[in-house]
Amino acid sequence: MDSSALTVDVPPQPWTGRFDGDGAEHRRWWQAVAPYAPPANPATASSRTRPAVILGFGSDEGVRRNKGRTGAAAAPAAIRAALGPLAFHLDRDVLDAGDVTVRDESLEAGQARAGLAISRLIDAGQIPVVLGGGHETAFASYLGVAGSSAVRGGLRVGVLNLDAHFDLRDEAVPSSGTPFLQMARAEAAAGRELRYAVVGISEPNNTRALFRTAAELGVDYLLDEDCSAEAAQAFVAAFLAQVDALYLTIDLDVLPASVAPGVSAPAAYGVPLPVISAVCRQVAASGKLLHLDVAELNPEFDIDARTAKVAARLVNTLLG
Ligand SMILES: N=CN[C@@H](CCC(=O)O)C(=O)O
Ligand SMILES: [Mn+2]
Ligand SMILES: [Mn+2]
């Protein structure tokens, strides 16, 4: 394993939150999170207490290219600010590696840079927690997962997306609307098939062309209106059973606009938070979580940090 430092654009910044005391019984996230340092001894990949490493992916470029409302580049700081004050009940170390940032035309370079950092974290037995960025964050995550030693060695990884959209657009220029088609093509080029499932698809927000692409790629999906707690749990259990490990990506626009107003494309219907939260608990309990990202928070459109707080709570649930 290469134990050198990660290449990031912004080093980890100080965390803040309420202070109730120094002891473990008073601990909050801001007191528990430590700046990233390469591990002396990698954790075993199966360990339930693998350290989590937060990595921001400050990018607006994918949403801009996808003709959406920009502002997601500020999301990593907003999610950290919402995580900081939360009481810390986790049984694992949490480290902050800082941010990879994307400026204008350098989206692909930023995705490659983040991908290298993510591969290195996975190879060290850590769980990367990438805070996007628009959903172009997912292609950075894919590069990291696909480039990790375990996946190159044959580990079967499934991609589970909690999202109102397929993000399978066939466009000449990659964006926040294309990452899963990019993944499918990259997997095909590597002689593999993408295992991709989506919870929360909104029929009126995905064209027939997108449903056809999903069918051609064998994508499993559950419509937002069919997302009862039982149906979502059965869907996720069936997907988990097909894979050795999971890359979970949460596009916050899967949630109703009242719960997640701070996104580029707020959902008129949306999957209720208790259902999304239960899916996160189920993924955490499976022990198969290899990599995680949270995308599409746009603090400019948030109301009283509502969306950032939901993102923080889901991250907290997934690492618990
Ligand atoms: N990552 C976002 N994807 C959606 C956005 C939809 C919209 O802007 O209305 C998509 O491309 O379909
Ligand atoms: Mn979406
Ligand atoms: Mn998306």
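Order of listing sets the numbers, starting from 1, for every ligand and every atom in it. Every value quoted in this text rests on a predicted model; they were computed, and no experiment measured them.
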For a quick test of reading the model, state the closest non-hydrogen atom pair linking Ala295 to His135 and the distance between them.
CB-CD2, 3.7 Å
Would you say the side chain of Ser228 lies within less than 4.5 Å of the side chain of Val275, judging by non-hydrogen atoms?
no
Check this for me, if you would: do Asp170 and Arg212 make a salt bridge, where the nitrogen-to-carboxylate-oxygen distance has to be below 4.0 angstrom?
no
Is a side-chain donor or acceptor of Asp60 paired with a backbone partner of Gly71 at a separation under 3.5 angstrom?
yes
Sorted by chain and residue number, which protein N/O/S atoms are under 2.8 Å from the Mn ion (ligand 2)?
Asp163 OD1, His165 ND1, Asp251 OD2, Asp253 OD1, Asp253 OD2
Let me know which of Ile54, Val33, Val129 forms a side chain to side chain contact (heavy atoms under 4.5 Å, CB included) with Leu83.
Ile54
For His291, give me all partners under ring-ring contact (aromatic ring centres under 6.0 Å, His included), at least two apart in sequence or on another chain.
Tyr247
Would you list the pairs meeting side-chain hydrogen bond (donor to acceptor under 3.5 Å, both in side chains) in which at least one residue belongs to residues 254-280, sequence neighbours left out?
Ser277-Arg281
Side chains of Tyr142 and Gln111: donor-acceptor distance under 3.5 Å anywhere?
no
Ligand 1: which residues have a non-hydrogen atom closer than 4.0 Å?
Asn66, His135, His165, Asp167, Arg169, Ser176, Gly177, Ala265, Glu296
Is it true that the NZ or CZ of Arg69 lies under 6.0 Å from the centre of Phe301's six-membered ring and within 45 degrees of the ring axis?
yes
